[in-house]
Amino acid sequence: STDEIFLTVKGIGGHGALPHACIDTTLVTSHILVAMQQVISRRADPTKPTVLTFGKIASVGGATNVIPSEVKLEGTFRTMNEAWRSRAHTLMQQIASGVAAAHGGEADLHIAKGYPFLMNNEVLTNHFREYAVEYLGEENVVDLPIRMTAEDFSYFTQEMPACFYRLGTGNKGKGITSPIHTSTFNVDEDCLKVSTGLMAHCALSELARN
């Protein structure tokens with residue numbers, strides 16, 4: 001699953017040399033950030049893969065000698081269990097509010113709920129692996145480890161038995177090796193022939209099986 005986290009910490013800004021006259025939002029935010037990591041390290045079941053990452057922090061009006069009145073923090077939360085996902089949202093709300101209040105500040109936490117977790121049906125996935133080996137050869141079929149990236153195909157997997165697989169689109173011989181989300185990403189268009197043939201073979205094989 002993938003959720004976006006937007007936190008705004010509010011306090012009293014002022015001169016950096018007079019912190020006793022302020023409520024230091026930067027300090028409060030840092031405490032919240034560290035405390036939220038306890039959701040992963042101490043509250044998450046180790047059998048339920050979970051990631052909490054903060055990628056952006058910015059003050060509103062701060063400077064080297066100015067304590068800002070607001071600090072904004074943005075991140076992502078990902079897991080593979082819907083019950084734990086909901087529980088974690090509650091814990092993060094409690095942590096943000098509690099830590100901010102303990103320091104005399106306020107915290108406004110908004111969690112934008114995104115894609116659910118992607119669940120490959122075990123039986124169907126085993127069938128598709130078998131079909132892929134038939135079509136591509138054992139040496140061209142790779143079992144991938146669990147990944148904490150997200151995919152909108154997950155909505156289908158919540159409603160019906162499904163199998164999500166990845167198709168290799170690179171070609172070392174042609175120098176096409178850059179990963180996705182890079183400025184040099186490219187696709188060997190020969191993969192389009194492979195992909196349509198593989199999907200047709202899998203679909204027809206599963207129909208014949210049933």
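Small disclaimer: the values here were computed from a predicted structure and weren't measured.
- Looking at Ser1, its side chain does come within 3.5 Å of a backbone N or O of Thr79 through a donor-acceptor pair.
- A distance-only check finds no donor-acceptor pair linking the side chain of Ser86 to the backbone of Ala83 [under 3.5 Å].
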Subject >> Chi angles and distances behind the side chain to side chain contact (heavy atoms under 4.5 Å, CB included) call for Thr2, Thr76 >> reply: CA-CA 7 Å; Thr2 175; Thr76 184; 3.8 Å; yes
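- Between Glu138 and Arg129 there is a salt bridge, since a side-chain N of the basic residue sits under 4.0 Å from a carboxylate O of the acidic one.
- Cluster membership for Leu52 and Val71, using ILVMFWY side-chain heavy atoms within less than 4.5 angstrom, is shared.
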Original post:
Should Phe185 and Thr177 be marked as a side chain to side chain contact (heavy atoms under 4.5 Å, CB included) after you check the CA-CA gap, both sets of side-chain angles, and the distance that decides it?
Top reply: CA-CA 8 Å; Phe185 175 70; Thr177 58; over 6 Å; no
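- Expressed to the nearest 0.5 Å, how far OG of Ser205 lies from CG of Asn210 amounts to 11.0 Å.
- Formation of a donor-acceptor pair under 3.5 Å by the Glu130 side chain with backbone atoms of Thr125 is not found in this model.
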**OP:** Under the side-chain hydrogen bond (donor to acceptor under 3.5 Å, both in side chains) rule, what do Thr8 and Lys72 come out as? Steps first, then yes or no, please.
**Re:** CA-CA 5 Å; Thr8 299; Lys72 295 183 181 294; 3.2 Å; yes
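- Using the six-membered ring where Trp is involved, Tyr115 and Tyr155 have ring planes that are perpendicular, over 60° apart on the 30 and 60° scheme.
- The number of heavy atoms from other shown groups lying within 6.0 Å of CD (Glu151) is above 12.
- Here CG of Asn121 is found 12.0 Å from CE of Met160. Values are rounded to the nearest 0.5 Å.
- For the pair Leu124 and Cys163, the tightest heavy-atom approach, listed with the atom from each and the gap, is CD2-N, 3.9 Å.
- Side-chain contacts under 4.5 Å among hydrophobic residues (ILVMFWY), followed directly or transitively, place Leu144 together with Val142.
- Contact annotation: the side chain of Lys56 never approaches that of Phe6 to less than 4.5 Å [non-hydrogen atoms, C-beta and beyond].
- Here the side chains of Arg147 and Arg166 are in contact, with some heavy-atom distance below 4.5 Å.
- With sequence neighbours left out, Arg85 forms a salt bridge (Lys or Arg N to Asp or Glu O under 4.0 Å) with Asp3, Glu82.
- For the salt bridge (Lys or Arg N to Asp or Glu O under 4.0 Å) test, residues two or more places apart in sequence or in another chain that qualify with Lys48 are Asp45.
- In summary, Arg78 and Glu4 do not engage in a salt bridge, as defined by a charged side-chain N under 4.0 Å from a carboxylate O.
- Residue pairs meeting the side chain to side chain donor-acceptor pair (under 3.5 Å) criterion with at least one member in residues 30-40: none, sequence neighbours excluded.
- Taking CZ of Phe117 as the reference point, atom CE of Met148 lies at 11.5 Å (rounded to 0.5 Å).
- Annotation for Arg42: atom CZ does not count as buried by contact number, only 12 or fewer foreign heavy atoms lying within 6.0 Å.
- Cluster membership check: Met119 shares its hydrophobic cluster with Val51, using side-chain heavy-atom separations under 4.5 Å among Ile, Leu, Val, Met, Phe, Trp and Tyr.
- Rounding to the nearest 0.5 angstrom, the gap separating the CG atom in Asn186 from the CD1 atom in Ile176 is 4.5 Å.
- When side chains are defined from C-beta on, Met92 counts as touching Ile111, because their heavy atoms get closer than 4.5 Å.
- Under the 30°/60° scheme for interplanar angles, the aromatic rings of Phe153 and Phe164 are found to be tilted.
- Tracing side-chain contacts under 4.5 Å through hydrophobic residues (I, L, V, M, F, W, Y), one never reaches Leu118 starting from Trp84; they form parts of separate clusters.
- Contacts classified as salt bridge (charged side-chain N to carboxylate O under 4.0 Å, His left out) and involving residues 180-189 (residues at least two apart or in different chains) are given here: Lys174-Asp188.
- In terms of heavy-atom proximity, Pro19 sits nearest to Ile67 at CA-CD1, 4.0 Å.
- Between Ile32 and Val9, the closest side-chain pair of non-hydrogen atoms falls below 4.5 Å.
- Between Glu206 atom CD and His201 atom NE2 the span is 11.0 Å, to the nearest 0.5 Å.
- Here the closest heavy-atom approach between residue Thr157 and residue Ala162 is recorded as CG2-CB, 3.7 Å.
- Side-chain contact between Val194 and Leu136: present, with at least one pair of heavy atoms (C-beta onward) separated by less than 4.5 Å.
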Subject >> From CA spacing to verdict: side chain to side chain contact (heavy atoms under 4.5 Å, CB included), Arg209, Tyr131 >> reply: CA-CA 11 Å; Arg209 191 174 207 138; Tyr131 306 147; 3.1 Å; yes
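- At a threshold of 4.5 Å between non-hydrogen side-chain atoms, the residues Asp108 and Leu7 do not count as touching.
- Within the 4.5 Å cutoff, no side-chain heavy atoms of Val141 are placed close to those of Glu134.
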Subject >> Check against side chain to side chain contact (heavy atoms under 4.5 Å, CB included), Thr25 and Ser69 >> reply: CA-CA 6 Å; Thr25 52; Ser69 58; 5.8 Å; no
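- Note on Met36: it clusters hydrophobically with Ile57, by side-chain heavy-atom contacts below 4.5 Å among ILVMFWY residues.
- Remark: Thr29 OG1 to Glu70 CD distance equals 10.0 Å, nearest 0.5 Å.
- Contact of the Leu198 side chain with the Tyr165 side chain is registered, since non-hydrogen atoms from C-beta on lie closer than 4.5 Å.
- Between Val39 and Ala88 the shortest heavy-atom distance is CG1-CB, 4.1 Å.
- Contact record, Val66 with Gly61: CG1-O, 3.4 Å, taken as the closest heavy-atom pair.
- Panel note: side chain Thr182, backbone Pro179; a donor-acceptor pair is recorded below 3.5 Å.
- By the neighbour-count criterion of 12 heavy atoms within 6.0 Å, atom CE of Met199 is sparsely surrounded, having that number or fewer from other residues, nucleotides or ligands.
- No continuous path of hydrophobic side-chain contacts links Leu27 to Ile95 [ILVMFWY only; heavy atoms under 4.5 Å].
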Would you mind writing out the side-chain donor-acceptor pairs for residues 96-104 within the sub-3.5 Å range, not counting sequence neighbours?
residue : atom : partner : partner atom : Å
Ser97   : OG   : Gln93   : O            : 3.2
His103  : ND1  : Val99   : O            : 2.9

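- Closest approach of Cys22 to Gly14, counting heavy atoms only: SG-CA, 3.5 Å.
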